[in-house]
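Structure, as structure tokens:
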There are 2 protein chains.
Amino acid sequence: MVSIHQKIFRDIETKIMSGDWQPGQRIPIEHELAAEYRCSRMTVNKALSALAERGMIVRRRKAGSFVATQQIDRTVMDIQDISTEAELAGYEHDYRMLMRRIERLDASDAALLREPVGAEILRLQCLHLVDGKPNAIERRIIMLDAVPLARDETFASVPPAKWLLEQVPWSKARHVIRAVSADAATARLLETERGEACLTLIRQTWQNGHTVTYVEITHPGDRFQFAGDFQPAEKEVPDHLARRSAT
Amino acid sequence: MVSIHQKIFRDIETKIMSGDWQPGQRIPIEHELAAEYRCSRMTVNKALSALAERGMIVRRRKAGSFVATQQIDRTVMDIQDISTEAELAGYEHDYRMLMRRIERLDASDAALLREPVGAEILRLQCLHLVDGKPNAIERRIIMLDAVPLARDETFASVPPAKWLLEQVPWSKARHVIRAVSADAATARLLETERGEACLTLIRQTWQNGHTVTYVEITHPGDRFQFAGDFQPAEKEVPDHLARRSAT
DNA sequence: TAGTGGTCTAGACCACGGG
DNA sequence: CCGTGGTCTAGACCACTAT
């Protein structure tokens, strides 16, 4: 059974997607829709609010609601912890800690993170393996002020990303995706050629305005990609474009 | 002025972000919150529904609402039309049409697009320049069945992406981001070195189950990146991680 | 079975902003 | 001004599910 506001949402969505209602076109006002669907205005409002939140319509007081002219072209990327991702895909994940060192933030990293020079940090480097093949290098900085428990954590059994997600309840985050050429060290670790195109995900996470962690995860370009659906609900995606991050 | 449901939303968001309410912890039921905020249950419900939609809480009938244990780690990437993006960033955008040809879908592309062999297509290739420097190569296939108007469009004054967005009201889309090494032709066009790491965005768009267009946009890795905020509402992002796609 | 969320109503007042 | 959306109320019934 679908609720009334869901039905209204889908009906209007369909009208827009099919081109029945053109961009810029004004759609019926709440009272009219309420009459059409024989429901209260609040129910209509719930559907229209959801449509507006998705960017499919634009709502203006006094003027009315309009089919969005500016086609929103954004995509939701699932950026999962590597171990979780590998598990979900049915692959075996393993990792090796290459470095674990307590340091103080130097000038260059301080500028990068926008945190004060000299702050105590835990610097980690580890190699992730999927089905026994190197899949990613993780270079991470954890701010010890923000996550004091990390000081005594060896990450021997739980990968840093997973551990942090469990420790730090919530955060703001910023993601950047870049393409870079593998330098000598990276190539050696990933068992690929020097100069090979790599996909790097940079993620900085904050809590209450303070950096929790900063991480660069570098994947070999020939074995990794990011994929995102425009509509999270969409399931009927062709296999050939399906996520293949763990191949 | 912030509305009551906004205040409730923010209060709970803060409690979760600060760690005051731990993951898995049960939060007050709707009636209790309604009493606390001296508002109706519907108002509380609106706030909690929004929190649930963002994945910050999980709601279960009879059991109650709980702080989400599985930290969602997804990001919203704005994937804009290059010309629009450049304009927004205050850069000058130009493009050159390198190829425009009506063909029939060959076996390899048909498999890639999951469309029938022999379907009529418009194949485009163009070079995008930002501030006079090559910024991207766009290789595009437009299905003429889905967009018959494209047959007579020269794209002399409007870039294909922009034109299509105006023509095709809405669609499902699939995005893939890859790192690839520049081949000879790509390197020449982008005025970079052969083998240089490039960031490729692949986008396939559907309408009513039929492919509208398939495009590969390849950017030089040293001049481009994708960036996304975890929270779309978040504005206080450090400059050094800000979008620099048009630099 | 009883507690909780999901949905809905038939009003209401107000803020905004186009005419 | 006054039409439209934004918000809110004080109930109500129902579906689900933990106990």
Side-chain angles (χ1 to χ4, degrees), chain A residues 1-16 21-70 72 232-233, chain B residues 1-16 21-70 72 231-233 235:
Chain A
M1 189 53 197
V2 346
S3 56
I4 303 178
H5 71 263
Q6 277 173 9
K7 173 158 180 51
I8 299 174
F9 182 100
R10 293 182 192 175
D11 283 358
I12 296 180
E13 183 187 36
T14 302
K15 286 203 176 76
I16 295 176
W21 287 356
Q22 292 290 318
Q25 181 177 335
R26 183 173 172 180
I27 75 176
I29 64 172
E30 294 187 350
H31 278 111
E32 291 169 356
L33 287 168
E36 182 184 339
Y37 285 91
R38 299 172 182 278
C39 67
S40 74
R41 204 191 120 208
M42 266 228 88
T43 305
V44 172
N45 182 278
K46 187 163 186 176
L48 295 189
S49 298
L51 286 161
E53 206 167 318
R54 289 229 190 165
M56 298 177 59
I57 65 173
V58 176
R59 316 197 72 194
R60 295 209 315 272
R61 281 169 157 143
K62 162 70 182 176
S65 300
F66 303 82
V67 177
T69 52
Q70 181 79 21
I72 292 188
Chain B
M1 189 53 197
V2 337
S3 55
I4 303 176
H5 72 261
Q6 277 173 9
K7 174 157 179 52
I8 299 174
F9 181 100
R10 292 184 193 174
D11 284 357
I12 296 179
E13 184 187 34
T14 301
K15 286 201 176 77
I16 295 175
W21 286 356
Q22 292 291 319
Q25 181 177 338
R26 182 175 173 178
I27 74 176
I29 64 172
E30 294 188 350
H31 278 112
E32 292 168 356
L33 288 167
E36 181 183 341
Y37 285 93
R38 298 172 185 278
C39 66
S40 74
R41 205 192 119 207
M42 264 225 92
T43 305
V44 172
N45 183 276
K46 187 165 186 174
L48 295 189
S49 298
L51 286 161
E53 206 167 320
R54 289 227 191 168
M56 299 178 63
I57 66 173
V58 175
R59 316 197 72 195
R60 296 209 314 273
R61 283 169 156 140
K62 163 73 181 174
S65 300
F66 303 82
V67 177
T69 53
Q70 180 82 20
I72 292 189
Q231 289 174 301
K235 296 298 174 197

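Numbers restart at 1 for each chain; the letters A, B, ... are given by sequence-line order, proteins then strands.
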Under 4.0 Å, heavy atoms only, any strand: does [X] hit a base, just the sugar-phosphate, or nothing?
X: B:Ser49; answer: nothing
X: A:Leu48; answer: nothing
X: B:Glu32; answer: nothing
X: B:His5; answer: sugar-phosphate

Task: Residue list, salt bridge (Lys or Arg N to Asp or Glu O under 4.0 Å) with A:Lys62, at least two apart or on another chain - done: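 By the salt bridge (Lys or Arg N to Asp or Glu O under 4.0 Å) rule, A:Lys62 matches no residue at all.
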Take atom [atom1] of [X] and atom [atom2] of [N], then tell me their distance rounded to the nearest Å.
X: B:Arg26; N: D:dA18; atom1: CZ; atom2: C1'; value: 10 Å
X: B:Lys7; N: D:dT7; atom1: NZ; atom2: P; value: 16 Å
X: A:Phe9; N: C:dT7; atom1: CZ; atom2: C1'; value: 17 Å
X: A:Arg38; N: C:dC8; atom1: CZ; atom2: C1'; value: 16 Å
X: A:His31; N: D:dT4; atom1: NE2; atom2: P; value: 9 Å
X: B:Ile57; N: C:dT4; atom1: CD1; atom2: P; value: 15 Å
X: A:Glu30; N: C:dA12; atom1: CD; atom2: C1'; value: 14 Å

- [ ] Please report the C-alpha distance between A:Ile8 and A:Cys39 in whole Å, then the side-chain angles of each, then the deciding distance to 0.1 Å, and finally whether the side chain to side chain contact (heavy atoms under 4.5 Å, CB included) criterion is met.
- [x] CA-CA 10 Å; A:Ile8 299 174; A:Cys39 67; 4.1 Å; yes
Shortest non-hydrogen contact between [X] and [Y], atoms and distance:
X: A:Val67; Y: A:Gln22; value: CB-O, 3.4 Å
X: B:Ala68; Y: B:Gly55; value: CB-O, 3.2 Å
X: A:Ser65; Y: A:Arg59; value: OG-NE, 3.1 Å
X: B:Pro28; Y: B:Trp21; value: CD-CH2, 3.6 Å

Open item on the list: Between A:Lys7 and A:Asp11, does any side-chain N to carboxylate O distance fall below 4.0 Å?
Closed with: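 Counted as a salt bridge, because a side-chain N and a carboxylate O are separated by less than 4.0 Å.
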TODO: Report yes if at least one side-chain N or O of A:Gln6 is closer than 4.0 Å to OP1 or OP2 of C:dT7; otherwise report no.
DONE: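 True: A:Gln6 side-chain N/O within range (under 4.0 Å) of C:dT7 OP1/OP2.
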Task: Close residues, residues 40-47 of chain B, relative to DNA chain D [heavy-atom separation under 4.0 Å] - done: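 Within residues 40-47 of chain B, the residues near DNA chain D are B:Ser40, B:Arg41, B:Met42, B:Thr43, B:Lys46.
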TODO: Assess whether side chain to side chain contact (heavy atoms under 4.5 Å, CB included) is satisfied between A:Thr43 and A:Tyr37, documenting all intermediate values.
DONE: CA-CA 10 Å; A:Thr43 305; A:Tyr37 285 91; over 6 Å; no
TODO: Measure from the side-chain heavy atoms of B:Ser3 and tell me the nearest of D:dG5, C:dC8, D:dT7.
DONE: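 Of all the options, the side chain of B:Ser3 is nearest to D:dT7.
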Task: Candidate nucleotides D:dC8, C:dG6, C:dT9, ranked by approach to the side chain of B:Arg59 - the nearest - done: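 Nearest to the side-chain atoms of B:Arg59, counting from C-beta on, is C:dG6.
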- [ ] Show your reasoning for whether side chain to side chain contact (heavy atoms under 4.5 Å, CB included) applies to A:Leu48 and A:Leu51.
- [x] CA-CA 5 Å; A:Leu48 295 189; A:Leu51 286 161; 4.0 Å; yes
Within the sub-3.5 Å range, which N or O atoms of nucleotides 14-19 of chain C have a protein N or O partner, and how far apart are they?
none

